[in-house]
Asks: 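Take a look at the following structure, please.
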Amino acid sequence: MHDQAKPSAQAPSASRYFTWLFFLGALVFALGAGLVGDVFFLRLATEALIFGGLALSVDLLLGRVGLLPLGQALFFGLGAYVSALVLKEWHNSFWLSVTVSLVASALAGLVGGIVAIRAKGVYFALISFGLAQVVSKVVFNTRDLGASDGIIGVPGAAIFPGLTSADPIGFFLVTLATIFGLYCGLTYLMETPFGRQLSAIRTNEHRIPFLGFDPWRYKLLAFVVAACIAGLSGALYPMLRGFVSPELMFFQVSGNAVINVIVGGTGTLIGSLYGSTLLTGLKSVVGSFTAHHQIVIGLLFVVVVIVFPRGLIGYLSPLLQRRLSFRHATGRGGQ
Amino acid sequence: MEPILSIHGLSVRFGALLAVNDVSFDALAGKITAVIGPNGAGKSSLFNLISGAVTPTRGRVMFENKDVTGTSPDHMLKVGLSRSFQITNLFFELTVQENLRLAAQFLEQGHGLFRPLAASTRANARVDELIVQFGLQDKASELAGYLSHGEQRRLEIAVSLAARPRMLLLDEPTQGMSHADTKETEIMIRGLASEHGLSILLVEHDVDLVMNISDHVVVMHQGKKLAEGTPAQVRSNASVQAAYFGEHG
Ligand SMILES: Nc1ncnc2c1ncn2[C@@H]1O[C@H](COP(=O)(O)OP(=O)(O)OP(=O)(O)O)[C@@H](O)[C@H]1O
Ligand SMILES: [Mg+2]
């Protein structure tokens, strides 16, 4: 009976359908691209997944804890730089660079969290923004990190014997598996007492201490988890593109991640991946016609916020849920 | 008999206002102690000082012979003191069941935080128990925000009880309730003390209710303690009559 505490638990959950649709769709896409020997779209889709991971970390903070991170690219860029350095200067192992990036982003998340998490609302957003600004400017001016050029010529990462990140379809699948793992881990975490505590903090933080919990610890841990997800996603970036640059930490990247989340559906988690795919694809298509694709994206964002304030999945999910509940109620739900 | 809670010279200043001014009294274990007084007397402020929501400017709070002055609210619950709020303070966007589960999670003492919800068996059992105890069976999967006012007030008490505190501070539990609900709440509070041995500190506007169920009454007026004693003693106290019963008829 405790399952009934879930917001939409009696019938099969709509968000599960969207999850399978996304990941199975990605597999079908990979199959198709492999058959026709495409590289461009596989690379683009891999990039969409990588930025989807960043958006996922933003949704954890924004949709679940109610904190708007305007500088999440800090951890994404950190993961990317650490990964690039490991691959280029140390060893071209996928596993090594991913592990080191993860540790680095966890530590940075802890430090950043301690600084930012006591602040609420717009102050949190500004501190997060400020931290990313500071770090990106430092990187921009550090010659050892390639300054404004970043780090170029990052070798492909060796993933398994016979598979490197230079293999478009192989690396797409590895990225897909990574994002799938992050997504599953996060959805699991959200259905534990820890995850539910985050929702409670978003709903009414003031009551939490009187229930015997210190909300600060929960928020800090959520912040570290978000930093790890962003950092891990970032670690994949140089493997895909062969370079990193300070732009990865700029506000543009943080802002786009927030837009991906809002367009996909804040708080839905899977919506971040849809949003990222949609907007990365759109940017590429629009970008082939005009250099001013940001204007088009900006306009689209405004329209979505006005017409579908809950975002794509936030709009579609209740519709599907109603159908599922109806089928469930009339005994055709297959249970 | 041992006092479970004992406060000494408790004061808090908000700017120029001494909202609580040198208040001292004891609350006995397993008894119902009521704090009454006109609007703005400082009753809720007193609760804020005891529960750790606000740090006192001066004075001491002793709970079970330990000095807990200025202890944070989450720590106060750990030592065994919980509270409810005068203005309903729930998770309105979450279900009744989830409100209770969040509060009952305390019973797991930090275990099972990263395991599926079903693993928190003690918390889940407590939720089921409270749902029955507070007659919320039909409302368990309703969002707390959609409950009637009376149901919300009931849930407010249930949530503050979930952690099985040894002492409960109830700030105007019957505020805005119908006559029937008030009567029911009165019986429930009395039961909590007599059957479950819970120590209760109660702020309440309903003087009849207070006189019916309290073992000890403290009267506050303009931040100060005006009088204290049994309900009968307080009722016959001349200054109390002038300051309090006079105003309220
Ligand atoms: N945080 C605060 N900052 C400033 N003033 C406060 C604060 N909390 C309470 N006060 C003031 O302290 C005084 C006592 O308020 P309090 O809420 O304790 O009274 P009360 O006895 O609970 O009244 P009521 O019966 O209306 O609930 C009021 O004048 C109130 O405005
Ligand atoms: Mg009050």
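Chain identifiers are assigned alphabetically (A, B, ...) following the order of the sequence lines, protein sequences preceding nucleic acid strands; residue numbering begins at 1 within each chain. This one's a predicted model, so the numbers in the text were calculated from it and none came from an experiment.
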Asks: Going by heavy atoms in the side chains, are A/Arg207 and B/Val159 under 4.5 Å from each other?
Replies: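 In short, these two side chains touch, coming nearer than 4.5 Å.
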Asks: Rounded to the nearest 0.5 Å, what separates atom CG in B/Leu102 from atom CZ in A/Phe213?
Replies: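 These two atoms lie 8.0 Å from each other.
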Asks: Around atom NE2 of B/His75, are there more than 12 heavy atoms of other residues, nucleotides or ligands at under 6.0 Å?
Replies: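 Open.
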Asks: Indicate yes or no: at least one non-hydrogen side-chain atom of B/Ser72 is less than 4.5 angstrom from one of A/Pro209.
Replies: no
Asks: Would you say OH of A/Tyr315 has more than 12 non-hydrogen atoms from neighbouring residues, nucleotides or ligands within 6.0 angstrom?
Replies: no
Asks: Within a reach of under 6.0 Å around NE2 of A/His206, are more than 12 heavy atoms found that belong to other residues, nucleotides or ligands?
Replies: no
Asks: Tell me, out of B/Leu94, B/Leu143, B/Asn99, who's got the most heavy-atom pairs with chain A below 4.5 Å.
Replies: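 Greatest number of close heavy-atom pairs with chain A: B/Leu94.
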Asks: What's the spacing between A/Ile208 CD1 and B/Phe91 CZ if we round to 0.5 Å?
Replies: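 Taking CD1 in A/Ile208 and CZ in B/Phe91, the distance rounds to 4.0 Å.
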Asks: Restricting to non-hydrogen atoms, name the atom on B/Leu113 and the atom on A/Tyr218 that form the minimum distance, rounded to 0.1 Å.
Replies: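 Smallest heavy-atom distance, with atoms named: CD2-OH, 3.7 Å.
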Asks: Which atoms of B/Glu142 are under 4.5 Å from chain A, going by heavy atoms: the side chain, the backbone, both sets, or neither?
Replies: neither
Asks: Picking from B/Met76, B/Glu108, B/Glu156, B/Lys78, which has the most non-hydrogen pairs under 4.5 angstrom with chain A?
Replies: B/Glu156
Asks: Side chain, backbone, both or neither: which part of B/Ala104 has an atom under 4.5 Å from a heavy atom of chain A?
Replies: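 Neither part.
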Asks: Applying side chain to side chain contact (heavy atoms under 4.5 Å, CB included) to A/Leu211 and B/Gln105, what does each step give before you reach the verdict?
Replies: CA-CA 9 Å; A/Leu211 303 182; B/Gln105 194 64 37; over 6 Å; no
Asks: For A/Tyr188, does the OH atom have more than 12 heavy-atom neighbours from other residues, nucleotides or ligands under 6.0 Å away?
Replies: yes
Asks: Return yes when atom CZ of B/Phe14 has more than 12 non-hydrogen atoms of other residues, nucleotides or ligands closer than 6.0 Å, and no otherwise.
Replies: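 Yes - once you tally the heavy atoms of other residues, nucleotides and ligands closer than 6.0 Å, there are more than 12.
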Asks: Counting neighbours of CD1 on B/Ile87 that are heavy atoms of other residues, nucleotides or ligands and sit closer than 6.0 Å, is the number greater than 12?
Replies: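 Open: at most 12 neighbouring heavy atoms sit under 6.0 Å from CD1 of B/Ile87.
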Asks: Output the option from A/Ala200, A/Ser199, A/Gly195, A/Pro215 having the highest count of non-hydrogen pairs under 4.5 Å with chain B.
Replies: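 Highest number of pairs under 4.5 Å: A/Ala200.
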Asks: Given heavy-atom pairs under 4.5 angstrom as the criterion, report whether the side chain, backbone, both or neither of B/Ala163 touches chain A.
Replies: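 Neither; nothing under 4.5 Å.
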Asks: Start with the C-alpha distance between B/Asn89 and A/Asn204, add both sets of side-chain angles, then the distance that settles side chain to side chain contact (heavy atoms under 4.5 Å, CB included), and finish with yes or no.
Replies: CA-CA 8 Å; B/Asn89 192 353; A/Asn204 182 5; 2.6 Å; yes
Asks: For the residue pair B/Leu117 and A/Arg196, establish whether any side-chain heavy-atom pair is separated by less than 4.5 Å.
Replies: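 The answer is yes, as the side chains (C-beta and beyond) meet within the 4.5 Å cut-off.
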Asks: Quick one: does NZ or CZ of B/Arg83 land under 6.0 Å from the six-membered ring centre of A/Phe210, within 45 degrees of the ring axis?
Replies: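 Because its charged atom sits under 6.0 Å from the ring centre and within 45° of the axis, B/Arg83 does stack over A/Phe210.
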Asks: Tell me whether the rings of A/Phe194 and B/Phe114 are parallel (<30°), tilted (30 to 60°) or perpendicular (>60°).
Replies: tilted
